[in-house]
Protein chains: 2
Amino acid sequence: MVARYERIAAELRDDILGGAYPVGSQLPSEAELAARYSAARGTVRQAIAVLIAEGLIGSRQGARRVVLGNTPSQSFAELHSFAQWAKANGLRVGGRVISQTPRAARGAEAERLACGEVLEVLRLRTLEGEPVLIERTVYAGWIAPAVAALPPDCDSVTQALYDSVGLVFAYGEHLIDAVAAGASDARLLGVRRGSPLLRQRRITTTYEGRPVEWSDDRYRAGSVTFSIRNSIGSNPLVRQAGDLRLGD
Amino acid sequence: MVARYERIAAELRDDILGGAYPVGSQLPSEAELAARYSAARGTVRQAIAVLIAEGLIGSRQGARRVVLGNTPSQSFAELHSFAQWAKANGLRVGGRVISQTPRAARGAEAERLACGEVLEVLRLRTLEGEPVLIERTVYAGWIAPAVAALPPDCDSVTQALYDSVGLVFAYGEHLIDAVAAGASDARLLGVRRGSPLLRQRRITTTYEGRPVEWSDDRYRAGSVTFSIRNSIGSNPLVRQAGDLRLGD
DNA sequence: TATGGGAACTTGTACAAACAAGCCAGCCCT
DNA sequence: AGGGCTGGCTTGTTTGTACAAGTTCCCATA
């Protein structure tokens, strides 16, 4: 059973994406929408809040809401999981495990992952047959056995861990910057040493806030772009100066 | 007059940031908070929604809410305006206009900015005296006179335009990727040609959804990092494959 | 022709109530 | 000891109402 406000949000989203409300045009008033869907004003407001969070429409007190964009947004899983993102975009994904070594947590890892033993995995990922991503992932000790049991050519670790042990990657924190390719990066990705890579470092936790993994992902320049929409009063993405808390 | 739910959110945020609720611990129930603040449950829920959007706490039906982090988040202005971000972080910012040329809109610009005449500005920005950012900004014709009237060493264009003509940068869409430094990038930033740069392309609009500027900002690697927190069910940041809608 | 004041409209905030859905701990039974 | 179940707790959804605050636009006035 899907909530009412979600169905209303879906209908409005379809209208916007379908061109019924062009970019720059005004949405009907809350009262009008409430009447149209036979719902309370609060329910309509909840539906609209969803679209505002997606960046599709803008809102300010006193004025009618405005359509800001007409491109669909993606799900958390697609940001978090390379395979699920690729699949949702109709791209063919591949990859293999290069190395997989259990070891003791080093330096800040122990605190970051809240455990002493970790499993370090190095994966090379391909898109449409081309190598585009190097994943250096450190898994917390308590999930390491399930990770080690996965086949080396497993496309979606996220999906596999959910299927095998019911683990849900619920929250993530991501740091994005640019780095030069090191010797091993360059060899694996087939680029020159020193060429630009887009780096995404992330730490992922369960619903309870328990850390699951810490990863350093490096994309070949030109292969992937991150996109974000924001507005005054909502600020999901922030900048940080060079000296970073999660840095190493 | 600040809204009640914002004051409650601020108190809870202070509690979390101050360590009263450590990372991983549980928050009091809605009913408990409602009693403590003598507010309705709906109001408390609104306050909590703010903190969830900031990524400070996680929530799921049936279980107590959990503290996910204890680092403050920043404001939209700080993502959008280099100067305001630097200021908020206590960094000394400088910069100057390299060139400023009015011209006809080219290619996709006319559609993107919804105008025929544009003003192209090239700025070099410094942080703590070091050059870190090249800004290539194209302003829509209707705001060009106000931009041209600014002093060449103006630190915050965003602030200056608000002060002079009341313009508010309300919404933004950002694309983030990595590129190699070109010849002019390298010269201005004082790095070698081909060295990695973090690129942020963005388009900014007013409250009405009217495009104001289109910018290509390139940061020297290591100087700046973008950070984002997300969760299942909320997905502000997305990935895109190489072939981009806003690309050129 | 400008300009100021409103009136009507629209979104934001707050409260109250009821039910649905999911989680968790403790109890009971085997 | 272990497993299943139940009941209480907690968050999610929906409706209704009232007022506050901001925008827009028309109209009367200077």
Side-chain angles (χ1 to χ4, degrees), chain A residues 1-12 21 24-53 56-68 166-168 170-171 206-210 231-234, chain B residues 1-12 21 24-53 56-68 166-168 170-171 206-210 231-234:
Chain A
M1 184 53 187
V2 184
R4 190 102 120 90
Y5 78 88
E6 288 198 45
R7 271 177 295 159
I8 296 177
E11 276 200 44
L12 284 173
Y21 303 110
S25 66
Q26 292 186 332
L27 243 57
S29 74
E30 291 179 4
E32 213 169 318
L33 291 171
R36 178 184 309 175
Y37 295 111
S38 313
R41 197 184 143 216
T43 307
V44 170
R45 283 181 66 81
Q46 240 175 314
I48 287 173
V50 172
L51 302 182
I52 290 175
L56 285 179
I57 66 184
S59 183
R60 73 181 159 148
Q61 188 173 127
R64 285 279 259 257
R65 276 179 264 253
V66 172
V67 177
L68 293 175
L167 178 68
V168 175
Y171 305 105
T206 65
Y207 274 124
E208 296 81 23
R210 190 176 190 192
S231 70
I232 279 186
S234 118
Chain B
M1 184 53 189
V2 185
R4 190 103 121 90
Y5 78 89
E6 289 199 46
R7 270 177 296 160
I8 296 176
E11 275 199 46
L12 284 173
Y21 302 110
S25 67
Q26 293 187 331
L27 245 55
S29 73
E30 291 179 3
E32 213 168 317
L33 291 172
R36 179 185 309 175
Y37 295 111
S38 310
R41 196 183 145 218
T43 306
V44 170
R45 281 181 68 81
Q46 240 175 316
I48 287 172
V50 172
L51 302 182
I52 290 176
L56 285 179
I57 65 183
S59 183
R60 75 181 157 147
Q61 191 174 126
R64 285 280 259 258
R65 274 179 266 254
V66 173
V67 177
L68 293 175
L167 177 69
V168 176
Y171 304 107
T206 65
Y207 274 124
E208 295 82 23
R210 191 178 189 190
S231 69
I232 279 186
S234 115

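The chains referred to below are lettered A, B, ... by the order of the sequence lines, with proteins before strands, and numbering in each begins at 1.
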### Message
I want to check something: taking the side chain as every heavy atom from C-beta on, are A:Leu27 and A:Val67 in contact at a cut-off of under 4.5 Å?
### Response
yes
### Query
Is there side-chain contact between B:Tyr37 and B:Leu12, with at least one heavy-atom pair below 4.5 Å?
yes
### Query
Only one of B:Leu33, B:Thr43, B:Leu51 forms a side chain to side chain contact (heavy atoms under 4.5 Å, CB included) with B:Ile8, so which one is it?
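It is B:Thr43, the one option of B:Leu33, B:Thr43, B:Leu51 that forms the side chain to side chain contact (heavy atoms under 4.5 Å, CB included) with B:Ile8.
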Spacing between [X] atom [atom1] and [N] atom [atom2], to the nearest angstrom:
{"X": "A:Tyr207", "N": "C:dC24", "atom1": "OH", "atom2": "C1'", "value": "17 Å"}
{"X": "B:Glu6", "N": "D:dA21", "atom1": "CD", "atom2": "P", "value": "13 Å"}
{"X": "A:Tyr5", "N": "D:dT14", "atom1": "OH", "atom2": "C1'", "value": "11 Å"}
{"X": "B:Ile48", "N": "D:dT10", "atom1": "CD1", "atom2": "P", "value": "12 Å"}
{"X": "B:Gln26", "N": "D:dT11", "atom1": "CD", "atom2": "C1'", "value": "13 Å"}
{"X": "B:Arg7", "N": "C:dA14", "atom1": "CZ", "atom2": "C1'", "value": "12 Å"}
{"X": "B:Gln61", "N": "D:dT11", "atom1": "CD", "atom2": "C1'", "value": "6 Å"}

### Query
Which nucleotide in the set C:dC24, C:dA16, C:dT11 lies at the smallest distance from any side-chain heavy atom of A:Arg64?
C:dT11
### Message
Can you tell me which nucleotide in D:dT11, C:dC15, D:dT15 comes closest to the side chain of B:Ser59?
### Response
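Among D:dT11, C:dC15, D:dT15, the one nearest the side chain of B:Ser59 is D:dT11.
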### Message
Heavy atoms only, 4.0 Å cut-off, all strands: where does A:Ala39 land among base, sugar-phosphate and nothing?
### Response
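Counting heavy atoms under 4.0 Å across all strands, the contact made by A:Ala39 is with sugar-phosphate only.
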### Sugar-phosphate only, base, or nothing, as touched by B:Arg65 at under 4.0 Å among non-hydrogen atoms
sugar-phosphate
Are [X] and [N] close enough that a side-chain N or O sits under 4.0 Å from OP1 or OP2?
{"X": "B:Thr43", "N": "C:dA14", "answer": "no"}
{"X": "B:Arg4", "N": "D:dC19", "answer": "no"}
{"X": "A:Arg45", "N": "C:dG12", "answer": "yes"}

### Query
Between A:Val2 and A:Ala63, which is nearer to the 5' end of DNA chain D once each is assigned its nearest nucleotide?
A:Val2
### Task
Tell me which of B:Glu30 and A:Gln46 sits closer to the 5' end of DNA chain D, going by the nucleotide each one is nearest to.
B:Glu30
### Query
What residue among B:Arg65, B:Arg64, B:Arg36 forms salt bridge (Lys or Arg N to Asp or Glu O under 4.0 Å) with B:Glu30?
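With B:Glu30 as partner, B:Arg65, B:Arg64, B:Arg36 yield a single salt bridge (Lys or Arg N to Asp or Glu O under 4.0 Å), made by B:Arg65.
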### Query
Where is the tightest heavy-atom contact between A:Val44 and A:Ala39, given as atom of each residue plus distance?
CG2-CB, 4.5 Å
### Query
Side chain of A:Arg41, base of C:dG12: donor and acceptor closer than 3.5 Å?
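Checked by distance alone, the answer is yes.
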### Query
Quick one: on DNA chain C, does A:Glu208 or B:Ala3 contact a more 5' nucleotide (nearest heavy atom)?
B:Ala3
